[in-house]
Protein chains: 2
Amino acid sequence: MRVLLVEDDAELRRRLSERLAGVGLAVDCAANAADARDWPDVDQMAAVILDLGLPDGDGLDLLRDWRRRGILVPILILTARGNWRDKVEGLNAGADDFIVKPVRFEELQARLHALWRRGAGRSATVLTAGRVAVDPAAQTATLDGALLDLSRKEFALLHLFVRRPGHIIAQDEILEQLYALDEERDRNAVEALVSRLRRKIGREAIRTLRGLGYRLEVTP
Amino acid sequence: MRVLLVEDDAELRRRLSERLAGVGLAVDCAANAADARDWPDVDQMAAVILDLGLPDGDGLDLLRDWRRRGILVPILILTARGNWRDKVEGLNAGADDFIVKPVRFEELQARLHALWRRGAGRSATVLTAGRVAVDPAAQTATLDGALLDLSRKEFALLHLFVRRPGHIIAQDEILEQLYALDEERDRNAVEALVSRLRRKIGREAIRTLRGLGYRLEVTP
DNA sequence: GACAGATTGTCAGGCTGATGTCAGCTTGGT
DNA sequence: ACCAAGCTGACATCAGCCTGACAATCTGTC
């Protein structure tokens, strides 16, 4: 689960990225529109959080540019309080949702989850697969209804699996989704993480497909 | 527990906000309808106290505007004595209760508590979770039935926990709920507060989830 | 208004759990 | 049998958290 945060205010950028990371997301940051414009793999992101009040080149231009290039990534815009015009133009330019500054993190998180639910065409807040259920909003997961005691990274990994139960997920994909660009990590980190998660949800729950990746088993 | 106070009279605003803060509420203040209209997260407030006698743009308009936008926050209006018309129109426009100036603080407090009891759809005045019980109206809390000796901030924190027992509450959320916007506080203040509360209700009652927040345990 | 006591933020230092890394082992495929 | 890929126990590191001590502030009382 990676998001790109485009925000010029260093302090806000720091705070938001820390909290987003805190709920298990991998966060890439861009400090201005120019940097963001040619960001690699924007369309691979789970979402983009875009501040419209950027100094250089309007955030709106960036937004329009992306959409013109066919980039369909969910975009959530930030606007200053009372900037109704920005909001309306932003939504017209192809933003998916907006949020008013000052940002309450819980609201941001809720709107991100709403975007993903919408995007994934799911209506349920709680994702389930086999014996496992994940509640992204409450940051909890259960096995056969019993609360699991997972660390942040373990939760993020399980969340990733549950979003595509039964699908093969490559190690490299896990690396990309769980770590930001500036964190260089070994594949072995993923193996260790999988190992720890297996210890908690059962060895058989996650099947290894040599050379391909992992798969969350849906049939107990 | 945050409230928004919309009041143009600086003296009354000061006095009320101080007393509200005095009973452990975080108070945000707006001096006129324009400021209040686009207040961020009005709907996250526990209540709004709205003076109908505002100079710019009528308070009634503000009220109607909010309700039209689907903002369901409990609103308590202040009116000058004898302004029956205001009262009636206010309640018709979607206010939840009114109070006549000059304001007796005890009455204000009582009406706020009544609003919350109603709003929460709870019939009980007392909220309980595990061995802990909190009575917001009486500003008291008990552990296994024995009265706890809590300071205001400790009480406010416990109240916050008890309203969502078993849920994870982030440090930042505690910061937002216990302190008004203009009070910059360190996360360590929260840690210290949690530490003090734990000393009184038991170390195990509040579980730490590293990187996520705290959780009030419901099972002893 | 001055004092005592309580409250609460701040600081510093210590503790702990989460997580990456390593090394040696196991497994599966050819 | 061999080798590459994956697994996992052990360990190190460090961010996040705890808490005692202190200081500043608030509260109530005389």
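In what follows, chains are A, B, ... by sequence order, proteins preceding strands, each numbered from 1.
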- Could you tell me the separation between the CD atom of B:Q177 and the NE2 atom of B:H159, rounded to the nearest 0.5 Å? 11.0 Å
- Nearest 0.5 Å, what's the CG-CG distance between B:L4 and B:L50? 8.5 Å
- Message: If you compare every side-chain N and O of A:R199 against the phosphate oxygens of D:dG9 (OP1, OP2), does one of them come in below 4.0 Å?
- Response: yes
Quick one: do the [X] and [Y] side chains pair a donor with an acceptor below 3.5 Å?
{"X": "A:T140", "Y": "B:R215", "answer": "no"}
{"X": "B:R198", "Y": "B:T208", "answer": "yes"}
{"X": "A:Q171", "Y": "A:R187", "answer": "yes"}

Take the protein atom [atom1] of [X] and the nucleotide atom [atom2] of [N], then report the distance between them rounded to whole Å.
{"X": "B:L158", "N": "C:dT8", "atom1": "CG", "atom2": "P", "answer": "14 Å"}
{"X": "A:L157", "N": "C:dT19", "atom1": "CG", "atom2": "C1'", "answer": "13 Å"}
{"X": "A:L175", "N": "C:dT21", "atom1": "CG", "atom2": "P", "answer": "10 Å"}
{"X": "B:F155", "N": "C:dT7", "atom1": "CZ", "atom2": "C1'", "answer": "16 Å"}
{"X": "B:D172", "N": "D:dG16", "atom1": "CG", "atom2": "C1'", "answer": "13 Å"}
{"X": "B:I168", "N": "D:dC17", "atom1": "CD1", "atom2": "P", "answer": "12 Å"}
{"X": "B:L193", "N": "C:dT10", "atom1": "CG", "atom2": "C1'", "answer": "14 Å"}
{"X": "B:K200", "N": "C:dA6", "atom1": "NZ", "atom2": "P", "answer": "11 Å"}

- Under 4.5 Å between any side-chain heavy atoms of B:L112 and B:I49, yes or no? yes
- Taking the side chain as C-beta and beyond, is there a heavy-atom pair between B:Y179 and B:R2 under 4.5 Å? no
- Quick one, give me the B/S/- string for nucleotides 21-30 of chain D, reading 5' to 3', where B means a protein heavy atom under 4.0 Å from the base and S means that only happens at the primed atoms, P, OP1 or OP2. B-----S---
- Item | side-chain contact (heavy atoms from CB on, under 4.5 Å) between B:L178 and B:L193, intermediate numbers included | CA-CA 11 Å; B:L178 294 197; B:L193 186 58; 3.5 Å; yes
- When A:L150 and A:D186 are each assigned the nearest nucleotide of DNA chain C, the 5'-most assignment goes to A:L150
- Steps toward side-chain contact (heavy atoms from CB on, under 4.5 Å) verdict (B:Q109, B:L20): CA-CA 8 Å; B:Q109 194 183 0; B:L20 289 163; over 6 Å; no
Scan nucleotides 4-7 of chain D against the protein and return all N/O pairs shorter than 3.5 Å with their distances rounded to 0.1 Å.
from, atom 1, to, atom 2, distance (Å)
D:dA4, N3, A:R210, NH2, 3.2
D:dG6, OP1, A:G211, N, 3.2
D:dC7, OP1, A:R198, NH1, 2.7
D:dC7, OP1, A:R198, NH2, 3.3
D:dC7, OP1, A:T208, OG1, 2.5
D:dC7, OP2, A:Y214, OH, 2.7

